[in-house]
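Structure, as structure tokens:
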Amino acid sequence: MSYQHQDLFEKWFKIWEDLKIYQVSDLLPKEKKEYILVEFPYPSGSGLHIGHAFSFVGADVYARFQRMKGKNVLFPMGWDAFGLPTENYAIKTKSKPQEITAQNTATFKRQMKKLQLSFDWSREINTTDPQYYQWTQWIFIQLFKKGLAFKKEMPINWCPQCKIGLANEEVVDGKCERCGAEVTRRNISQWIVKITDYADRLLQGLEKTNFIEKVKRSQINWIGASEGAQIIFPIELSSSQKEKIEIFTTRPDTLWGATFMVLAPEHPLLDKILKVCSEKKNKEIKEYIKKSKKKSDLERVDLDKEKTGVFTGLYALNPVNKKEIPVWISDFVLSSYGTGAIMAVPAHDQRDWEFAQKFGLEIIPVIKPDQEWNFQEKAYVDVEKGTLINSGPINNLSPDQAFSKMINWLQEKGIGRSAKNYHLRDWIFSRQHYWGEPIPMIFCPQCGWQPAKEEDLPIELPKVERYHPTDTGESPLSQIKEWVETTCPLCGGPAKRETDTMPNWAGSDWYFLRYIDPQNQEKLVDLEKARKWLPVDIYIGGDEHNTLHLLYSRFIYQFLWDLGVVPSEHPEPYQKRISHGVILGPDSQRMSKSKGNVVDPEEVMGRFDKYGSDILRIYLMFIGPFEGTMAWNDQSLTGIKRFLDKIEKAIQSSLDFSSTKDNCSINPRMETILHQTIQKVSQDIKETKFNTAVAGLMEFLNEIRAQSQEKKISVKILENFLLLLSPFAPIFCEEQWQKIKSKSKSIFLENWPEFDSRLTQDKKIEFVVQVNGKVREKIDLSTGLKQKEVEEIIFALPQIKKYLLGKKPKKIIFLPDKLINIVI
RNA sequence: GCCGAAGUGGUGAAAUUGGUAAACACGCAUGGUUUAGGACCAUGUGCCGUAAGGCUUGUGGGUUCAAGUCCCACCUUCGGCACCA
């Protein structure tokens with residue numbers, strides 16, 4: 001940043017800070033509150049990049065606008081600072097994650113201030129601060145107490161060479177990112193949070209929100225509720241050992257077409273099957289299970305992949321026709337979805353069909369489609385349409401009718417029931433890493449798992465010398481004996497602490513509550529304060545958080561709502577969610593350090609003598625739609641500089657002309673343009689259409705420059721113009737404002753201009769004349785003319801006569817003050 | 001694979017939701033100004049055509065007086081997919 005801008009920045013920053021214009025009081029009336037939330041960043045080592053600047057400036061323009069509209073705006077910022085990159089960096093540089101985080105947040109904050117982001121820093125939070133995460137831990141304890149957190153064996157990615165657990169991101173093409181060894185799956189005992197208990201509420205709650213459609217859709221799809229039936233298939237392992245396989249299906253009406261069954265390789269029945277089968281089979285099955293452990297879920301269900309599987313040698317009974325059907329094992333069935341077992345209806349499911357083809361299994365069509373179909377060629381999957389066949393008593397019914405009939409029948413016979421299944425899976429909450437919130441649980445050999453006492457919170461992360469994950473797959477915390485060994489909160493006997501830490505989501509799913517009451521020592525948040533500020537009026541964030549972060553966050557909020565921690569009148573935390581776009585590197589690739597395409601906002605600001613941050617801010621808002629994805633390209637920056645230069649010049653020449661009295665008369669046309677611009681800019685900012693708001697301001701400047709003779713523009717017009725521009729260019733507008741008003745109060749303490757709707761109407765318009773839908777002429781007309789009057793004028797025009805060729809019009813379409821279309 | 005979004009000039013993009021396609025800006029061209037360069041000012045700039053005129057919003061079809069916008073089919077690109085945050 002150049003000296004000139006640096007000086008202005010420091011000058012105004014201090015004045016605004018002293019005025020406390022960004023700080024918001026809890027005492028102001030609730031009616032005028034506006035809670036504007038923008039996702040807090042992960043403070044990486046490379047500093048703020050241009051994408052951060054883009055979304056934060058957008059949120060900031062919106063916040064400044066609302067303040068000037070007289071709203072009591074809560075616009076806070078904090079740090080989501082736990083995470084793998086910091087931990088990895090600490091390992092690499094042999095430094096402490098705490099110190100790195102402190103450095104990174106300091107850099108981020110300094111850069112944010114340079115960008116003139118108007119956050120209320122008195123409410124700053126940091127997820128790695130024990131004063132903050134004691135409440136993250138407190139929430140976990142409540143989840144445990146309500147039975148929503150439990151331990152279970154779950155698979156993780158495991159690198160057998162590095163002997164550590166890997167995040168999905170660290171697995172590239174099935175290989176370890178660090179050493180290149182083949183990654184396997186390994187079961188370890190992990191904390192699971194039962195988000196599925198809230199599936200229905202998370203769905204229904206969406207109706208109360210005003211999220212943009214695509215966000216709602218992604219939440220609905222992720223929860224993925226499907227109606228169907230749970231059905232029991234009996235199976236005989238031996239003459240004395242009778243078992244059953246429970247399956248979930250969305251199409252119980254196709255039960256007559258079920259010709260085989262498939263178990264997931266993790267299915268619990270496999271242990272029993274392995275005991276009864278032949279030695280050869282045993283070996284074959286074990287081999288298959290071992291292989292499937294290497295694959296991720298995504299690979300397993302990939303339709304393009306060749307189906308694999310192994311026959312158990314056993315048969316189950318199809319409950320409708322008592323037919324014996326073979327039981328197979330295949331990894332395209334997931335243990336985490338449904339019951340981990342399926343009935344296969346190869347005629348009407350593509351995956352089942354491929355499996356049947358490969359292993360030569362029977363295919364029985366049970367739905368006859370309306371069009372031609374050969375079941376030897378592919379499955380008929382459009383099962384809502386058609387007629388039931390080969391299905392005994394439900395023949396000739398429609399699939400819908402058959403569905404209800406089957407549910408009733410299954411229930412009567414006691415072999416099945418109506419069931420709802422969710423795509424949503426329970427939340428794996430454990431991480432075997434150091435840099436996260438310790439899970440506040442203690443294992444006592446006598447009393448089992450016990451939560452830490454709430455008065456002992458926070459359970460602080462101990463300072464360690466080594467952060468490297470351990471050979472056993474346990475968290476590095478397990479190495480610190482004096483920390484691990486503790487006493488049982490229940491019986492007082494010797495016990496051990498949980499050494500896993502929480503996922504990154506844990507700290508970020510409730511942070512918006514802490515901003516409301518960041519210093520509270522007694523409670524997570526004061527209920528009265530929460531009542532005043534909730535719900536978040538607008539939540540601005542990236543697409544990548546529209547599904548998971550938002551869902552987890554809503555879940556935790558709903559859980560806290562059940563506990564009575566948050567006000568009962570607000571069952572949902574976020575009123576509106578909008579997602580901002582992404583700025584890609586100049587090469588149209590996602591910005592990343594390794595690609596070397598990261599654009600640094602400080603460098604961009606530094607290119608301009610004066611108004612560095614103002615130019616960058618306006619440019620970012622002008623470059624494209626706020627929701628859009630765009631590649632960084634700084635060609636047009638110079639256009640913004642010209643824009644500001646022109647304004648400065650216009651103001652100077654107006655002041656030179658009339659420093660005391662405003663004797664430039666405002667003509668009616670200028671009045672109209674002013675009010676139209678106030679309307680447009682206000683509306684656009686409200687709808688986060690910042691790019692067209694800026695374009696509107698540019699148009700306004702061009703118009704008033706053209707309208708005013710001798711380049712003198714009325715000071716009143718210029719004042720309004722500066723007010724409209726001020727959310728985009730704070731320093732520039734404040735400087736110019738002071739120039740005009742001399743020793744006035746800050747522009748940010750002024751009110752946003754209001755428009756008069758009577759004055760936004762043009763007196764004259766360009767009227768469009770079409771012949772057969774083609775534009776043939778445009779004429780200047782005064783507004784308010786009736787159809788007859790317009791017809792009289794246009795039929796006299798020689799250009800129009802030419803097109804009519806003396807014929808009589810068949811039809812005339814007339815839109816007042818806009819267009820006439822003559823059809824001949 | 002599943003889910004979602006998007007295809008408009010040389011470039012970034014607009015288009016009040018069915019009513020003037022290309023606003024605003026960059027770039028480019030010509031002229032002016034300038035010792036030169038830069039900066040600035042003025043004019044022009046979708047494509048074809050000397051012109052009259054014709055054509056134009058990924059491709060093909062449809063609805064309508066009228067389609068970038070609505071409907072059907074197709075092509076292409078991008079994003080998310082549960083341990084990155």
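Chain identifiers are assigned alphabetically (A, B, ...) following the order of the sequence lines, protein sequences preceding nucleic acid strands; residue numbering begins at 1 within each chain. Values reported hereafter were calculated over all heavy atoms of this structure, with side chains retained and with hydrogens, waters and symmetry mates removed.
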From the options B:A14, B:C24, B:G12, select the nucleotide whose nearest atom is closest to the side chain of A:Glu699. B:C24

Can you check B:U63 for me, syn or anti if syn means within 90° of 0? anti

A:Ser636, nearest nucleotide to its side chain (from B:C83, B:C26, B:C84): B:C26

So which nucleotide does B:C74 pair with, by the Watson-Crick or G-U wobble rule with both distances under 3.5 Å? B:G58

Considering only side-chain heavy atoms of A:Leu424, which listed nucleotide, B:A82, B:A23, B:U20, is closest? B:A82

Rounded distance in Å between the C1' positions of B:G68 and B:G46: 15 Å

Taking CZ from A:Arg431 and P from B:C83, how many angstroms apart are they, rounded to a whole number? 5 Å

For B:C65 and B:C74, measure between their P atoms and round to the nearest Å. 29 Å

B:G19 phosphate, OP1 or OP2, under 4.0 Å from A:Lys818 side-chain N/O: no

Between B:A13, B:C55, B:U20, which nucleotide has the shortest distance from any of its atoms to the side chain of A:Pro625? B:A13

If we take the P atom in both B:A23 and B:G12, what is their distance in whole Å? 15 Å

With a 4.0 Å cut-off on heavy atoms, is A:Trp222 in touch with a base, just the backbone sugar-phosphate, or nothing at all? base

Measure distances between side-chain N and O atoms of A:Glu766 and base N and O atoms of B:U20, and say whether any donor-acceptor pair falls under 3.5 Å. yes

Counterpart base for B:U64, defined by Watson-Crick or G-U wobble contacts under 3.5 Å: none

Please state how far atom CG in A:Asn88 lies from atom C1' in B:A85, giving the value in whole angstrom units. 13 Å

Using Watson-Crick geometry (N1-N3 plus N6-O4 or O6-N4) or G-U wobble (N1-O2, O6-N3), each under 3.5 Å, B:A85 is paired with none

In whole angstroms, how far is the P atom of B:A85 from the OH atom of A:Tyr552? 12 Å

Would you say A:Arg642 reaches B:G27's phosphate, i.e. side-chain N/O to OP1/OP2 under 4.0 Å? yes

Send over the distance from A:Gln219 CD to B:G80 P, rounded to a whole Å. 17 Å

For B:G7 versus B:A13, give the span between their C1' atoms, rounded off to a whole number of Å. 14 Å

Whichever of A:Asn221 and A:Thr629 has its nearest RNA chain B nucleotide further upstream toward 5': A:Asn221

Across all strands shown, which nucleotide pairs with B:G79 by Watson-Crick or G-U wobble geometry, both distances under 3.5 Å? B:C3

Syn or anti for B:G9, given that syn means the glycosidic angle lies within 90° of 0? syn

With distance as the sole criterion, do the side chain of A:His549 and the base of B:A85 form a donor-acceptor contact below 3.5 Å? no

Counting only side-chain nitrogens and oxygens, does A:Lys641 get under 4.0 Å of the OP1 or OP2 atom of B:G38? no

Under 4.0 Å, counting only non-hydrogen atoms across every strand here, what does A:Asn702 touch: a base, just sugar-phosphate, or nothing? sugar-phosphate

Please measure how far the P atom in B:U34 lies from the corresponding atom in B:A14, and state the result in whole Å. 41 Å

Under 6.0 Å from the ring centre and within 45 degrees of the ring axis: does the NZ or CZ of A:Arg577 meet both conditions for the six-membered ring of A:Tyr539? yes

Identity of whatever pairs with B:C40 - Watson-Crick or G-U, under 3.5 angstrom: B:G32

B:U69 pairs with, by Watson-Crick or G-U criteria that keep both distances under 3.5 Å: none

Side chain of A:Val775 only, heavy atoms from C-beta on: which candidate in B:U20, B:A85, B:C83 is closest? B:U20

Would you compute the distance between atom CD1 of A:Ile615 and atom CD1 of A:Ile618 and round it to the nearest 0.5 angstrom? 7.5 Å

Quickly work out the A:Lys214 NZ to B:G80 P distance and round it to whole Å. 11 Å

Just to be sure I understand the rule, does A:Leu815 reach a base, reach only the sugar-phosphate, or reach nothing, if contact means heavy atoms closer than 4.0 Å? base

Nucleotide paired to B:G10 in any strand shown, Watson-Crick or G-U, under 3.5 Å: B:C26

When all nucleic acid strands are considered with a 4.0 Å heavy-atom cut-off, which category describes A:Leu84: base, sugar-phosphate, or nothing? sugar-phosphate

OH (A:Tyr422) with more than 12 external heavy atoms under 6.0 Å: yes

Hydrogens and angles aside, do A:Thr783 and A:Asp817 bring a side-chain donor and acceptor to less than 3.5 Å of each other? no

Check the orientation of A:Phe355 and A:Phe332. Use parallel for under 30°, tilted for 30 to 60°, and perpendicular for over 60°. tilted

Relative to each other, are the rings of A:Phe690 and A:Phe626 parallel, tilted or perpendicular (30° and 60° limits)? perpendicular

Parallel, tilted or perpendicular: which fits the ring planes of A:His49 and A:His52, with parallel below 30° and perpendicular above 60°? tilted

Winner on side-chain proximity to A:Met698, out of B:G54, B:G19, B:C24, is B:C24

Taking the C1' atom in each of B:G60 and B:A67, what is the distance between them to the nearest angstrom? 16 Å

Would you state whether a donor and an acceptor, one from the side chain of A:His423 and one from the base of B:A82, lie under 3.5 Å apart? yes

Name the closest nucleotide to the A:Ile156 side chain, picking from B:G4, B:C40, B:C83. B:C83

Give the rounded distance in Å between these two atoms: CG of A:Asp509 and C1' of B:A82. 15 Å

Take A:Met502 and A:Arg431, measure what side-chain contact (heavy atoms from CB on, under 4.5 Å) needs, and give me the verdict at the end. CA-CA 6 Å; A:Met502 299 190 196; A:Arg431 299 291 183 274; over 6 Å; no

What is the distance from CZ of A:Phe728 to P of B:A25, rounded to the nearest Å? 15 Å

Quick one: does A:Asn221's side chain have a donor or acceptor within less than 3.5 Å of a partner on A:Gly224's backbone? no

In terms of relative ring orientation, are A:Trp427 and A:Phe555 parallel, tilted or perpendicular, with 30° and 60° separating the classes? perpendicular

Nearest listed nucleotide, side chain of A:Trp505, among B:A85, B:A82, B:G19: B:A85

Using a distance-only criterion (donor-acceptor N/O pair, under 3.5 Å, no hydrogens), is the base of B:C65 paired with the side chain of A:Asn821? yes

With the side chain of A:Gln770 defined as its heavy atoms from C-beta on, choose the nearest nucleotide among B:G19, B:C83, B:C84. B:G19

In whole Å, measure the gap between the P atoms of B:C24 and B:A73 for me. 39 Å

How long is the line joining CD1 of A:Ile820 and P of B:G19, in whole Å? 18 Å

Assuming nearest nucleotide by heavy-atom distance, tell me which of A:Asn691 and A:Leu584 is located more 5' along RNA chain B. A:Asn691

Which part of the nucleic acid, if any, lies within reach of A:Thr638 when heavy atoms closer than 4.0 Å are counted: base, sugar-phosphate only, or nothing? sugar-phosphate

How would you label the contact of A:Gln676 with the nucleic acid (heavy atoms, under 4.0 Å): base, sugar-phosphate, or nothing? nothing

Determine the interatomic distance between P on B:A25 and the same-named atom on B:C48; round to the nearest Å. 25 Å

Among the nucleotides B:G79, B:C24, B:C55, whichever has the atom closest to the side chain of A:Lys774 is B:C55

